[in-house]
Each structure stands twice: as C-alpha cells, then as structure tokens.
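FYI, the numbering just counts along the sequence from 1. Side chains included, hydrogens not; waters and symmetry mates left out as well; all remaining heavy atoms used.
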Amino acid sequence: MGNRFSSPLLPIFLIVFVDILGLTIVLPLLPFYTEKYGGSPAVYGFLASSYALCSLVSGPLLGQISDRVGRKPLLILSQIGTFVGFLILGFSTSLWMIFLSRIIDGATAGNISLAQAYISDVTTPQNRAKAFGIIGIAFGLGFPLGTTISAFLSKYGYAYPAWAAALLSLTSILATVFLLPKGVAQKAQSKHDEKLKKADLFHPRKYSKFFKIPVLRSLLLEFFAFSFGFATFISGFALFAERRFVHNGHPFQVTEVGYIYAYTGLLGLIIQGGLLGRLVKKFGETNLIKLGFISMALGYGLLGWTESIAVGSFGTGILRPTITSLVTQNAPPHEQGLILGLNQSLFSIAQISAPLLAGFLIGQGMLIGWAITAAASGAFGLYLSLKRQKESAVSVAENPV
C-alpha cells in the first residue's frame with residue numbers, strides 16, 4: 001500500500017523542480033530583456049503584472065477542468081504553454097514578443113497547483129502533509145540554482161537563459177508523459193454541484209466570512225502586507241540595482257542580479273530547511289512574525305542607502321510559512337483548502353499590483369521611494385501583528401479559561 005501511494009512522488013518532485021528551474025532562470029533576465037527592446041521600468045511593471053493576472057484567471061479554471069478529465073492531461077497542457085512561452089522569449093526580437101511569451105505562459109500557468117492537486121489524489125490524508133513538503137524542497141533548491149544558471153548563461157546573450165528554460169520545460173513535459181502515472185479524475189457529484197462551482201469562481205462572498213473573524217482578518221492582511229512588500233522588492237530590484245550599484249566599472253546586469261537572487265534563495269533555503277523549526281519552538285510564531293516584519297522593514301528601507309539585502313531576505317524567509325501556519329491553525333478544519341486558496345489569491349493580487357507601482361517609482365527615478373514603499377509594507381505588517389497580539393491578550397484577560 002505504501003509503495004502505491006508514494007511511487008508518483010519522485011516524478012512529481014522532478015517535474016516541479018525542473019519547472020521551478022525554468023521559472024527562476026527568466027526571473028533576473030526579464031527586466032533587462034524588456035529594456036533591450038525599448039521598454040521602460042513602467043512597461044516592465046505591466047509585463048510582470050500581465051503574467052500574474054493571467055495566472056490568477058487561468059489557475060482555478062485549469063484546476064476545475066482537471067477535476068473532470070484528470071490532472072495529467074492538464075499538467076501536460078500547462079507545461080506545453082510554458083515551453084512555448086520560453087521559446088518565444090528566446091527568439092524575441094521586439095517588445096510585443098516578450099509580452100506574448102509571458103501572456104501565453106501565464107494563460108496556461110497551473111503547473112504547481114496541478115501538481116499539488118495530483119499529490120492530494122494519490123496520497124492518504126496521513127501522508128499528505130509530508131508529501132506536500134517535496135514541493136517546498138523543489139522550490140528551495142530550484143530558486144538559487146535557476147538564478148545561478150541565468151547569471152552564468154546571460155554572459156553569452158539574453159537568449160541563452162530563455163532557451164535553457166525552454167529545454168528544461170521540454171524535459172518536464174517528457175517526465176510527465178513517461179514517468180507520471182495517470183492519476184484519478186474527480187467527477188462532479190451532480191449538475192447542480194457543477195453549476196455552483198462555476199458560479200463561485202472568484203466570488204468574494206465565499207471569502208468574506210473569514211474577514212469577519214478578527215484574528216483571521218488580521219493574519220490575512222498581514223500575509224498581504226508581506227506579499228506586497230516582497231513583490232515590490234522582487235519586481236523592482238533588478239532595475240533598482242542597475243541604477244544604483246556598479247561592479248567592475250559597469251552597472252549591475254543579469255549576471256550580478258542573478259547571483260544576488262541565488263544568494264537570497266540560498267538564505268531562504270537555510271532558514272526554511274532547518275532553522276525555522278527551531279526559531280518557532282524558541283520564540284513562537286507570533287513573535288517570529290514580528291521579528292520578520294521588523295527585518296523586512298529595516299532591510300528594504302535601508303536598501304535605499306546600503307546593500308542590506310540579507311536583512312530583508314531573512315524577514316521574508318520566515319514570514320510566509322509562519323503566517324500561513326497561523327492562518328491554518330485559526331481556520332475551521334473543513335475549510336483549510338478554501339482559506340489557503342484565499343491566501344494564494346492575496347499573493348496573486350500583490351503580484352499584479354506591486355510591479356505596477358515599482359515600475360512607476362523606478363521609472364520616475366524615485367529609487368529611495370521604491371525601497372521605502374517595500375519597507376512600508378513591512379511596517380504595516382508589524383503594526384497589524386502588534387495589534388493582533390494586544391487584542392488576543394485582552395480577549396484572554398476578559399475570558400480566562
């Protein structure tokens with residue numbers, strides 16, 4: 001029985017790992033690729049937001065279709081879209097082709113969510129949390145390695161990292177086709193249920209009840225504050241660094257930015273791979289969240305004047321898992337999936353809005369303003385965390401056990 005449940009996990013790990021490599025290879029590349037063909041920082045902001053917007057729309061739709069026809073066919077379709085997007089990016093000769101590549105990739109984005117759904121299909125509830133850990137491992141390993149590959153290959157031209165990402169994407173498709181078992185298609189119980197599912201797509205009322213619970217409202221807003229600050233940093237740093245930092249007599253380019261991303265990714269891997277559990281045991285999640293927001297605010301704020309990348313990266317490295325943990329602890333057990341979906345939606349909204357603001361600020365030469373904006377998200381998150389802790393203490397005092 002154990003082998004039957006665990007056998008698909010190795011190919012799933014390989015598929016997700018290769019996908020993450022491809023995605024992170026183009027991360028430090030895109031801002032400079034956009035500038036090469038005449039795009040301003042504001043235009044790059046629209047480029048980054050267009051991918052996130054397409055992903056927000058396509059992800060739930062692909063997930064719903066996969067409930068009917070099975071995960072594997074939709075996973076292959078999603079990967080083909082990513083492969084085509086990377087190919088177009090590699091052969092781009094104008095700005096519209098870069099936009100087309102990202103829109104195609106975003107419109108078929110769903111690799112990770114479909115992989116998570118597949119894991120749910122083929123594992124028992126008792127083994128599911130451990131199985132989901134392989135996606136975290138794939139992220140942790142793929143981010144620093146992918147950005148390092150980009151930093152190295154960009155020395156030979158901007159097209160080479162994109163082609164490497166396309167090759168990795170093709171490898172992921174082949175792994176899915178030949179290594180991944182078919183899985184299970186989840187059939188709708190009735191036409192009535194199917195209509196309800198379609199009507200509920202992006203329906204705000206299904207999420208509003210969580211915002212009526214004070215502790216959850218605060219945690220969800222804290223998660224959005226983290227997400228917006230992180231998205232502001234990650235979408236604007238390359239263009240900021242190009243205008244602020246110099247290496248060997250020339251402004252930072254893909255190589256330098258790629259290595260910095262790799263460094264921050266490695267730091268995140270160390271924090272989440274072994275350090276985080278010890279910190280939670282010693283300080284508790286609420287205190288760790290406050291520390292994370294302080295680090296985020298200081299690190300991003302000081303980035304306007306110094307190279308304080310490590311400080312900010314420490315904060316963001318601990319915030320996502322700790323806030324998510326508290327969110328799930330305070331949500332009803334039968335609605336874990338729904339509130340995690342809300343969390344992901346908040347992250348997507350931040351990925352849509354933050355690049356637009358980051359691109360505008362950097363395009364206007366407001367480099368310090370960009371750094372302060374990212375820091376302000378951390379400061380707002382800290383305020384919410386302190387307020388939540390105070391309200392919790394008052395509630396305990398008024399209602400002692």
Side-chain angles (χ1 to χ4, degrees), residues 16-17 20-21 23-29 31 112 133-152 154 222-223 225-238 240-241 244-245 247 252 254-283 285 287-325 347 350-351 354 358 370-371 374-375 377-379 381-382:
V16 173
F17 177 64
I20 296 302
L21 277 179
L23 290 171
T24 53
I25 282 175
V26 301
L27 179 62
L29 174 70
I112 307 303
I134 69 169
I135 292 181
I137 295 171
F139 264 102
L141 295 174
F143 190 94
L145 183 56
T147 48
T148 299
I149 293 172
S150 183
F152 176 75
S154 65
E222 288 169 46
F223 186 80
F226 148 74
S227 301
F228 190 87
F230 177 73
T232 301
F233 166 76
I234 208 73
S235 63
F237 176 74
F240 168 85
R244 174 56 63 88
F245 303 132
H247 179 68
F252 272 30
V254 181
T255 299
E256 291 79 15
V257 172
Y259 284 136
I260 289 175
Y261 280 155
Y263 164 69
T264 59
L266 183 61
L267 182 63
L269 180 61
I270 293 172
I271 292 172
Q272 297 181 20
L275 187 60
L276 183 60
R278 298 175 184 177
L279 290 173
V280 169
K281 288 182 180 179
K282 184 173 183 178
F283 298 106
E285 277 137 333
N287 289 328
L288 206 55
I289 288 171
K290 290 189 293 184
L291 178 61
F293 277 125
I294 291 171
S295 300
M296 181 179 175
L298 287 176
Y300 289 166
L302 292 174
L303 189 59
W305 294 271
T306 65
E307 299 181 32
S308 57
I309 298 167
V311 178
S313 297
F314 172 80
T316 55
I318 63 178
L319 282 171
R320 181 165 190 164
T322 49
I323 297 176
T324 303
S325 174
F347 189 74
Q351 287 182 307
W370 166 80
S377 294
L382 177 61

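Note that R320 lies outside the cation-pi zone of F230, set by a 6.0 Å cut-off to the ring centre and a 45° limit from the axis.
Under the 30°/60° scheme for interplanar angles, the aromatic rings of F237 and Y261 are found to be tilted. Using cut-offs of 30° and 60° on the angle between ring planes, the pair F245 and F252 is tilted.
Counted by atom type alone, T24 and T147 present zero donor-acceptor pairs between their side chains at under 3.5 Å.
Residues A350 and A231 share a closest heavy-atom pair of O-CB, 3.7 Å. In terms of heavy atoms, S377 sits closest to M296 at CB-CE, 4.4 Å. A pairwise comparison of heavy atoms in A241 and V257 identifies CB-CG2, 4.3 Å as the closest pair. Considering all non-hydrogen atoms of both residues, F223 and T324 come closest at CE1-OG1, 3.7 Å. Here the closest heavy-atom approach between residue G142 and residue L21 is recorded as O-CD2, 3.6 Å. Summarising the geometry of K290 relative to L382, their closest heavy-atom pair is O-CD1, 3.8 Å, with the distance given to 0.1 Å.
Counting heavy atoms from C-beta outward, E222 and F293 have side chains that approach closer than 4.5 Å. Side-chain contact check for T316 versus Y300: some heavy-atom pair is nearer than 4.5 Å. The side-chain heavy atoms of L141 and I20, taken from C-beta on, include no pair separated by under 4.5 Å. Taking the side chain as every heavy atom from C-beta outward, F233 and F240 never approach each other to under 4.5 Å. Counting only heavy atoms from C-beta outward, the side chains of I137 and F17 never approach each other to under 4.5 Å. Using a 4.5 Å cut-off on side-chain heavy atoms (C-beta onward), L27 and S150 make no contact.
Going from atom CZ of R278 over to atom CD1 of I271 covers 13.5 Å, rounded to the nearest 0.5 Å. Distance OG1/T322 to CG/L288: 5.5 Å, rounded to 0.5 Å. The CD1 atom of I289 sits 12.0 Å away from atom CD1 of I294, with the distance rounded to the nearest 0.5 Å. Distance check: F314 CZ to L298 CG gives 12.0 Å after rounding to the nearest 0.5 Å. Once rounded to the nearest 0.5 Å, the distance linking CG of L269 with OG1 of T264 reads 11.5 Å. The OG atom of S313 sits 11.0 Å away from the CG atom of L266 when rounded to the nearest 0.5 Å.
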Using side chain to side chain contact (heavy atoms under 4.5 Å, CB included), reason through L279 and K282 one step at a time and then give a plain yes or no.
CA-CA 5 Å; L279 290 173; K282 184 173 183 178; 5.8 Å; no
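In this structure, E256 has no side chain to side chain donor-acceptor pair (under 3.5 Å) partners at least two apart in sequence or on a different chain.
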